[in-house]
Amino acid sequence: MSYEKGRENLINLIKWSKNHENDKRNESTTRFHLIDTLLLECLGWEKGDIKTEENYNGEYTDYTISLARPAVILEAKREGNYFVLPEGKKGIEFSIKSLCKDNPKFREAIEQACGYCNKRGVEVAVVSNGWQLVAFVANRLDGVPPLEGDAIVFPSLEQMEAQFLEFWNFLSKSGIKSKRLKNILCGISLPELPSKLSSTIGNYPGIKNRNLFQTNLQILSELILEDVIRYQDLEKLFLEECYCNAGALSSYATVSKDILRTRYENLFEVNNEELNVQPAVDKKGINQDFKNIAAHSISRRPILLIGDVGAGKSTFTNHLIKVEAPEIFHDCITLKIDLGSKIVLE
C-alpha cells in the first residue's frame with residue numbers, strides 16, 4: 001500500500017467513525033471496525049503479517065504483528081476505555097509514567113502489553129481502543145525500564161490524520177522495518193551522510209574562463225583541423241601521426257577491422273562445400289579461428305556507431321578506412337554523406 005493511499009483510507013475511516021460515533025462497541029467490535037482498518041488499510045500491513053489470539057503459556061495476545069518474526073504486540077481495548085492528555089502539551093511524545101498515573105484504566109493495558117512483549121521477546125508494544133493509540137519500546141537495552149521511558153501517543157483519529165507522516169513512519173510496515181520508533185524513543189542517533197565534496201568548492205557550479213594560452217591553443221587547433229579537412233592529401237598523414245589510439249572508440253578498432261574483413265571476404269569468396277574442422281582449444285588456449293566466430297556472425301549484420309557530438313566518431317571512421325584497415329577498403333566502395341554543417345550551409 002502506498003503512503004497516500006493509507007492517508008486516504010484514514011480520512012474515510014474518520015468520516016465513517018463520525019457517522020457511527022453513537023454506536024456502543026465492545027472489544028471485539030472495536031477491533032473489527034477500527035483497529036483492523038487502521039492496520040490493514042491505513043498502515044500497509046497484510047493479513048499474513050498478523051495473528052490474533054496467539055497463545056503463549058496460556059496467555060493470549062490480541063494482535064501479534066510479524067516481520068519474519070514477531071515485531072509488535074498490540075493490545076486492544078474497548079472504545080470506552082480511553083485516556084486524556086494534559087491541555088497545552090504539544091507533540092506526540094509523552095512520558096509513560098505520567099500517562100499511567102493520570103489514566104489508571106489505561107495503565108492496566110500498558111502494563112499488560114509490556115508484560116506480553118517481555119515474556120515473548122517482542123520489541124514494540126501498542127495499546128489502542130480503536131481511535132486512540134499508544135506505542136512504546138517494551139524491550140530496551142539502554143538501562144531504562146520500559147515503563148519509565150517515553151511513548152508515542154495519538155489521542156484521536158483526527159490527530160493521526162493531522163500528523164500522518166509520523167503515524168506512518170512509526171507504525172506502518174515499512175516504518176517498523178526501519179526501527180524509527182525505537183530510534184526516536186531510545187535516543188539512537190543515526191549517522192548523517194557526509195556532505196558532497198562539491199560543497200567545499202566556492203562558486204560551484206560555475207564557469208571557468210580560458211586563459212590566453214588556452215584560447216590561442218583552441219584557435220590554432222581549429223585552424224589545423226580545418227586545413228586537414230580541406231586538404232585531403234594531408235588527412236592520411238594527420239591520422240597516422242596524430243590519432244590517439246587510447247579510449248573507448250579505439251579499443252573497438254581491431255574488432256571492427258575483423259568484422260569488416262569477414263563481411264567483404266564473404267562478398268567475393270568462392271563457394272567451397274568442404275568443411276574445415278578445427279579444435280576449439282589447442283595448446284596455446286582458445287583457437288584464434290574460434291575467436292573469430294563472433295566477428296563472422298556479426299559481419300552479416302549492419303553496424304551502428306553512436307555517440308555524442310565531438311566524441312570522435314568521424315575521426316574513428318576515417319582512421320579505420322585510411323590507416324587501420326586500408327587493405328579491406330581497397331576493393332570496396334565507400335560512401336560518406338555529411339548531414340551536418342556542410343549540408344546546412346549549402
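Along the sequence shown, the residues carry numbers beginning at 1.
In this structure, the side chains of Phe154 and Ser128 stay at 4.5 Å or more apart for every pair of heavy atoms. Val137 is listed as a side-chain neighbour of Glu123, based on a closest heavy-atom distance under 4.5 Å. Counting only heavy atoms from C-beta outward, the side chains of Phe106 and Val127 approach each other to under 4.5 Å. Contact annotation: the side chain of Lys18 approaches that of Ile14 to within less than 4.5 Å [non-hydrogen atoms, C-beta and beyond]. Side chains of Ile110 and Arg107 form no contact here, defined as non-hydrogen atoms less than 4.5 Å apart. Looking at Glu59 and Arg120, their side chains come closer than 4.5 Å, going by heavy atoms from C-beta outward. The shortest side-chain heavy-atom distance between Ile65 and Val124 does not fall under the 4.5 Å cut-off. Using a 4.5 Å heavy-atom threshold, the side chains of Glu53 and Asp62 count as touching.
Under the 4.5 Å side-chain heavy-atom criterion for grouping Ile, Leu, Val, Met, Phe, Trp and Tyr, Trp45 is not connected to Val122 through any hydrophobic cluster. Grouping the Ile, Leu, Val, Met, Phe, Trp and Tyr side chains by contacts below 4.5 angstrom, directly or via other members, places Leu157 with Val126. Cluster membership check: Leu67 shares its hydrophobic cluster with Leu39, using side-chain heavy-atom separations under 4.5 Å among Ile, Leu, Val, Met, Phe, Trp and Tyr. Following chains of ILVMFWY side-chain contacts shorter than 4.5 Å, one cannot reach Ile73 starting from Val134, and the two form parts of different hydrophobic clusters. A chain of hydrophobic side-chain contacts below 4.5 Å, direct or via other Ile, Leu, Val, Met, Phe, Trp or Tyr residues, connects Met160 to Trp16.
In this structure, CD1 on Ile176 lies 9.0 Å from CG on Leu43, to the nearest 0.5 angstrom. Leu165 contributes atom CG, which lies 4.5 Å from atom OH of Tyr3 (distance to the nearest 0.5 angstrom). Remark: Leu185 CG to Arg180 CZ distance equals 11.0 Å, nearest 0.5 Å. Separating the NZ atom in Lys173 from the CG atom in Leu40 is a distance of 11.0 Å, to the nearest 0.5 Å. Note that NZ of Lys77 and CG of Asn129 are 11.0 Å apart. Values are rounded to the nearest 0.5 Å. Remark: Ile184 CD1 to Ile152 CD1 distance equals 7.5 Å, nearest 0.5 Å.
For the residue pair Thr64 and Pro70, the shortest heavy atom distance occurs at CG2-CB, 4.0 Å. Closest heavy-atom contact between Leu181 and Ala135: CD2-CB, 4.1 Å. Nearest approach of Arg140 to Val144, heavy atoms of both residues: CD-O, 3.5 Å. Heavy-atom minimum distance, Glu75 versus Ala113: CB-CB, 4.0 Å. The two atoms that bring Ile96 and Ala151 nearest to each other are CG1-CB, 3.6 Å, heavy atoms only. The shortest non-hydrogen separation linking Ser174 to Trp168 is OG-NE1, 3.5 Å.
The one candidate from Leu10, Ile11, Asn169 that meets the side-chain contact (heavy atoms from CB on, under 4.5 Å) condition with Phe164 is Leu10.
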*asked:* Test side chain to side chain donor-acceptor pair (under 3.5 Å) on Asp49 and Tyr63; report intermediate values, then the result.
replied: CA-CA 10 Å; Asp49 302 325; Tyr63 293 87; over 6 Å; no
*Should Gln163 and Gln159 be marked as a side chain to side chain donor-acceptor pair (under 3.5 Å) after you check the CA-CA gap, both sets of side-chain angles, and the distance that decides it?*
CA-CA 6 Å; Gln163 295 183 274; Gln159 190 71 19; 2.4 Å; yes
*Could you please spell out the steps behind the side chain to side chain contact (heavy atoms under 4.5 Å, CB included) verdict for Lys336 and Thr317?*
CA-CA 10 Å; Lys336 182 177 179 182; Thr317 306; over 6 Å; no
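In this structure, Ile337 places its CD1 atom where only 12 or fewer heavy-atom neighbours from other residues, nucleotides or ligands lie under 6.0 Å away.
Looking at Glu222, its side chain never comes within 3.5 Å of a backbone N or O of Ile219 through a donor-acceptor pair. Formation of a donor-acceptor pair under 3.5 Å by the Ser221 side chain with backbone atoms of Leu217 is found in this model.
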